[in-house]
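Just so you know, these numbers use all the heavy atoms, side chains as well, and skip hydrogens, waters and symmetry mates. Every chain is numbered from 1 and lettered A, B, ... according to where its sequence line falls, protein lines coming before strand lines. Given the structure is predicted, the values throughout are model-derived calculations rather than measurements.
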2 protein chains.
Amino acid sequence: MLNKTGKIFKALGENNRLRIVNMLMSKPMCVCEITDIIGLSQSTVSGHLRILKEAEIIEDIKEGLWVEYSLMKKDELNKTLFKLVRSLFDNDELLEKERRSALLADRNILCKK
Amino acid sequence: MLNKTGKIFKALGENNRLRIVNMLMSKPMCVCEITDIIGLSQSTVSGHLRILKEAEIIEDIKEGLWVEYSLMKKDELNKTLFKLVRSLFDNDELLEKERRSALLADRNILCKK
DNA sequence: ATGGTATATCGGGATATAACGATATGCTAA
DNA sequence: TTAGCATATCGTTATATCCCGATATACCAT
């Protein structure tokens with residue numbers, strides 16, 4: 001695979017992973033919040049997060065039992081990338097809705113049981 | 001598929017298509033030139049070009065028997081995209097080599113027979 | 001330790017994708 | 001019109017990817 005570049009684009013070239021990135025633009029989220037909003041199985045979501053993480057698009061920190069994922073904004077590259085992605089995401093109804101859902105998501109409620 | 005965004009990233013999320021875009025950064029090229037440099041079959045190259053075109057990353061113009069492909073730089077979006085792609089492509093030996101090959105490619109020689 | 005919860009990994013099935021060769025299409029020139 | 005060339009499309013095969021449920025792992029609370 002073509003080093004870093006291919007990984008980044010391949011990671012973003014999938015519908016559900018774009019949705020995840022879009023949600024993380026609202027705020028950092030744990031896996032159960034994302035799973036709840038996106039409506040895929042937990043294992044599937046976990047797999048997508050792994051791919052995004054390996055492409056260095058997102059990063060994770062452990063918070064006890066939870067793992068919180070967030071956009072990795074460290075370097076200049078990612079800033080450009082997210083600006084681009086963000087402009088592509090504008091005016092998409094589903095994505096707008098999911099960003100709002102992300103903002104409202106509360107892991108203390110969603111992740112119980 | 002997620003409208004325009006997914007198409008763009010999916011199109012770029014493939015090794016050989018990234019190589020094609022990279023070559024087109026040197027100059028517009030016809031299919032036979034690209035095929036010669038990239039070392040895949042003509043039908044495969046044609047297929048990749050189709051995908052890049054549908055994602056509105058490249059465009060084509062007919063020149064008699066030849067079809068010349070070039071990066072589509074019309075809108076602001078693509079300018080940002082290409083700047084990003086270009087920065088990702090720096091310092092990749094294979095890609096640098098292929099950009100040089102692209103510059104030297106001469107369809108009047110390569111495309112005979 | 002034990003039980004419970006959140007996340008990660010594994011195995012398998014269905015679908016998508018990339019590659020090729022063969023063939024079709026479209027254009028040019030004689 | 002015919003021949004020849006560049007490109008596009010088709011059919012097939014091999015591989016990759018996505019999805020799920022089941023299970024493993026890691027952590028917390030009792």
Side-chain angles (χ1 to χ4, degrees), chain A residues 1-2 6-21 23-24 28-55 58-70 105-113, chain B residues 1-2 6-21 23-24 28-55 58-70 105-113:
Chain A
M1 172 49 97
L2 199 55
K7 265 192 183 168
I8 291 176
F9 287 123
K10 184 162 262 175
L12 293 175
E14 206 280 330
N15 198 17
N16 293 323
R17 285 195 290 274
L18 281 178
R19 291 171 64 200
I20 291 173
V21 169
M23 287 190 261
L24 292 179
M29 300 174 83
C30 64
V31 182
C32 53
E33 291 177 295
I34 297 170
T35 301
D36 182 82
I37 294 175
I38 208 167
L40 295 169
S41 77
Q42 181 269 322
S43 63
T44 298
V45 170
S46 181
H48 283 315
L49 290 168
R50 189 175 192 276
I51 289 168
L52 288 168
K53 184 181 167 185
E54 282 175 358
I58 63 175
E59 59 191 343
D60 67 321
I61 50 171
K62 299 224 160 176
E63 295 196 339
L65 212 44
W66 291 325
V67 178
E68 186 178 83
Y69 283 88
S70 56
D106 180 350
R107 71 191 63 173
N108 290 298
I109 297 170
L110 289 178
C111 299
K112 285 310 161 195
K113 183 169 129 59
Chain B
M1 171 50 94
L2 198 54
K7 264 192 184 168
I8 292 175
F9 287 122
K10 184 163 263 175
L12 294 175
E14 204 280 330
N15 198 17
N16 293 323
R17 284 195 291 272
L18 281 179
R19 290 171 64 200
I20 291 174
V21 169
M23 288 190 263
L24 293 179
M29 300 172 84
C30 64
V31 183
C32 52
E33 291 177 295
I34 298 169
T35 301
D36 182 81
I37 295 176
I38 208 167
L40 296 168
S41 78
Q42 182 270 322
S43 63
T44 300
V45 170
S46 180
H48 283 315
L49 290 168
R50 189 176 192 275
I51 290 169
L52 288 168
K53 184 182 168 185
E54 281 175 0
I58 63 177
E59 59 191 343
D60 67 321
I61 51 171
K62 300 222 162 177
E63 296 197 338
L65 212 44
W66 291 325
V67 179
E68 186 179 82
Y69 284 89
S70 56
D106 179 350
R107 70 190 63 173
N108 289 299
I109 297 171
L110 288 177
C111 299
K112 286 309 161 195
K113 181 174 156 334

query: Reckon A:K10 has a side-chain N or O less than 4.0 Å from the OP1 or OP2 of D:dA16?
result: no
Between P of D:dT7 and CE of B:M29, the distance in whole Å: 11 Å
- request: Whole angstrom is fine here: how far is it from CG in B:D60 over to P in D:dA8?
  value: 7 Å
task: Work out which heavy atom in A:E33 is nearest to a heavy atom in A:R107; give both atom names and the distance.
output: OE2-N, 3.3 Å
message: I want to check one thing: is the phosphate of D:dC18, taken as OP1 and OP2, less than 4.0 Å away from some side-chain N or O of A:N15?
response: no
field: Atom-to-atom span, CZ of B:F9 to C1' of D:dT17 - whole angstrom
entry: 19 Å
message: Rounded to whole Å, how long is the line connecting atom CZ of A:R107 with atom C1' of C:dT5?
response: 15 Å
task: Would you give a per-nucleotide map of nucleotides 20-30 of chain D, 5' to 3', where B means the base has a protein non-hydrogen atom under 4.0 Å away, S means only the sugar-phosphate does, and - means neither?
output: BBB---BBS--
message: Assess whether a salt bridge exists between A:K62 and A:E68, defined as any Lys/Arg side-chain N lying under 4.0 Å from an Asp/Glu carboxylate O.
response: no
query: Expressed in angstrom and rounded to an integer, what is the separation of A:L12 atom CG from D:dC18 atom P?
result: 12 Å
field: Check: A:S41/A:T44 side-chain N/O donor and acceptor closer than 3.5 Å
entry: yes
field: Spacing of B:E59 atom CD and B:L52 atom CG [to the nearest 0.5 Å]
entry: 12.5 Å
- prompt: Between B:I37 and B:A105, which heavy-atom pair has the shortest distance, and what is it?
  reply: CD1-CB, 4.2 Å
- prompt: If you round to the nearest 0.5 Å, how far is CD1 of B:I8 from CD of B:E54?
  reply: 13.0 Å
message: Under 4.0 Å, heavy atom to any atom of DNA chain C: which of residues 47-55 of chain B qualify?
response: B:H48, B:I51
Rounded interatomic separation in angstrom, taking CG from A:L110 and P from C:dT5: 15 Å
- prompt: Judged by atom type as modelled, is there a donor-acceptor pair below 3.5 Å linking the side chain of A:R17 to the main-chain atoms of A:H48?
  reply: no
Donor-acceptor contact below 3.5 Å, side chain A:E63 vs main chain A:W66: no
task: Taking side-chain contact (heavy atoms from CB on, under 4.5 Å) as the test, write out the residues that go with A:T35, two or more places apart.
output: A:V31, A:Q42, A:V45
Sequence-distant partners of A:I109, side-chain contact (heavy atoms from CB on, under 4.5 Å), two or more places apart: A:D106
- prompt: Tell me: CG of A:L18 to C1' of D:dC18, nearest whole Å?
  reply: 15 Å
query: Which part of the nucleic acid, if any, lies within contact of A:R17, taking any heavy atom under 4.0 Å across all strands shown: a base, the sugar-phosphate backbone alone, or nothing?
result: sugar-phosphate
Polar pairs (N or O, both sides) under 3.5 Å between protein and nucleotides 11-14 of chain C?
none

Between C1' of C:dC27 and CD of B:E68, the distance in whole Å: 17 Å
- request: Output all residues satisfying side-chain contact (heavy atoms from CB on, under 4.5 Å) with A:D60, sequence neighbours left out; order by chain, then residue number.
  value: A:K53, A:V67, A:Y69
